[in-house]
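As structure tokens, the structure follows; a few thoughts come after it.
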Amino acid sequence: MKTLHIFRSGEFKPMEGTTLSFSADDLKAIAENYDPALSEAPIVIGHPKTDGPAWGWVSSVEHGDDGLHATPEQVDADFADAVNKGRYKKISASFFTPSSPNNPTPGNYYLR
């Protein structure tokens, strides 16, 4: 399956309003720490409060010169068709912050 470019380094202002800065080292650590057996990130439409329903799952995360790339798996065929038709052109990654109480890797960012 094709990987998806999901995030780049830089400063971002999430919906909560606090600006977060992600360095290349932060992204490398996110890729290295991602473990779907620990906490598998769902592929969702928008930013639902419950991260559901899942239209697929992220099986792995890799770090490259341009940021993070995710490998999707178990993607719903109708959702994949809608993406391929251009109905969902933007990707927005969500992360557990290092201090988030539900973070599976406390002290580090983790793909949510």
Side-chain angles (χ1 to χ4, degrees):
M1 171 126 343
K2 171 182 157 181
T3 64
L4 304 171
H5 182 260
I6 62 168
F7 201 70
R8 62 176 170 73
S9 59
E11 288 192 353
F12 301 89
K13 188 171 185 178
M15 294 184 324
E16 292 83 26
T18 303
T19 300
L20 300 173
S21 181
F22 291 84
S23 68
D25 287 340
D26 292 327
L27 301 190
K28 184 177 179 184
I30 290 168
E32 289 173 353
N33 290 327
Y34 184 73
D35 180 358
L38 183 61
S39 180
E40 190 174 30
I43 298 170
V44 299
I45 297 172
H47 286 281
K49 291 182 181 182
T50 61
D51 287 335
W55 294 93
W57 299 92
V58 175
S59 65
S60 65
V61 178
E62 297 174 10
H63 177 258
D65 290 339
D66 61 345
L68 294 177
H69 295 260
T71 302
E73 70 175 7
Q74 296 177 313
V75 177
D76 178 273
D78 291 334
F79 175 70
D81 186 52
V83 170
N84 290 332
K85 289 180 178 175
R87 293 192 184 135
Y88 304 103
K89 291 185 176 188
K90 309 253 186 219
I91 293 176
S92 178
S94 179
F95 299 94
F96 288 105
T97 61
S99 62
S100 174
N102 295 326
N103 185 335
T105 59
N108 300 293
Y109 285 104
Y110 192 87
L111 184 65
R112 187 171 168 200

Candidate pair Phe95 and Asn103, rule side-chain contact (heavy atoms from CB on, under 4.5 Å), full reasoning: CA-CA 9 Å; Phe95 299 94; Asn103 185 335; over 6 Å; no
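Checked against Trp55 for a side-chain contact (heavy atoms from CB on, under 4.5 Å), the options Val75, Asp78, Ile45 give a single hit: Ile45.
Here the closest non-hydrogen pair linking Pro53 and Val44 is O-CG1, 3.6 Å. Nearest heavy atoms, Glu73 versus Glu40: OE2-OE2, 3.3 Å. Nearest heavy-atom pair, Tyr88 versus Val83, reported as atom, atom and distance to 0.1 Å: CD1-CG2, 4.1 Å. Here the shortest heavy-atom pairing between Gly67 and Leu27 reads CA-CD1, 3.9 Å. Residues Ser59 and Pro36 share a closest heavy-atom pair of O-CG, 3.3 Å.
Both Leu20 and Leu111 are part of a single hydrophobic cluster, where members link through side-chain heavy atoms under 4.5 Å apart.
Annotation: side chain of Glu32 is not in contact with side chain of Glu62 (no heavy-atom distance under 4.5 Å). The closest side-chain heavy-atom distance from Ile43 to Val58 is below 4.5 Å. Counting heavy atoms from C-beta outward, Ser9 and Asp26 have side chains that stay 4.5 Å or more apart.
With Phe96 as the aromatic partner, Arg112 meets the cation-pi criteria of under 6.0 angstrom to the ring centre and within 45 degrees of the ring axis.
Thr71 and Ser60 form a side-chain donor-acceptor contact under 3.5 Å, judged by distance and modelled atom types alone.
In terms of modelled atom types and a separation under 3.5 Å, the side chain of Tyr34 and the main chain of Ala41 share a donor-acceptor contact. Judged by distance alone, the side chain of Asn108 and the main-chain N or O of Pro98 form no donor-acceptor pair under 3.5 Å. Not one N or O on the side chain of Thr19 forms a donor-acceptor pair closer than 3.5 Å with the backbone of Lys13.
The aromatic ring centroids of Phe7 and Phe22 lie less than 6.0 Å from each other.
Ring pair His69/His5 is perpendicular by interplanar angle, where above 60° counts as perpendicular and below 30° as parallel.
In this structure, the separation between OH on Tyr110 and CG on Asn33 is 8.0 Å, given to the nearest 0.5 Å. With rounding to the nearest 0.5 angstrom, the CD1 atom of Ile30 is 9.0 Å from the OG1 atom of Thr105.
With sequence neighbours excluded, the residues that form a salt bridge (charged side-chain N to carboxylate O under 4.0 Å, His left out) with Lys85 are Asp81.
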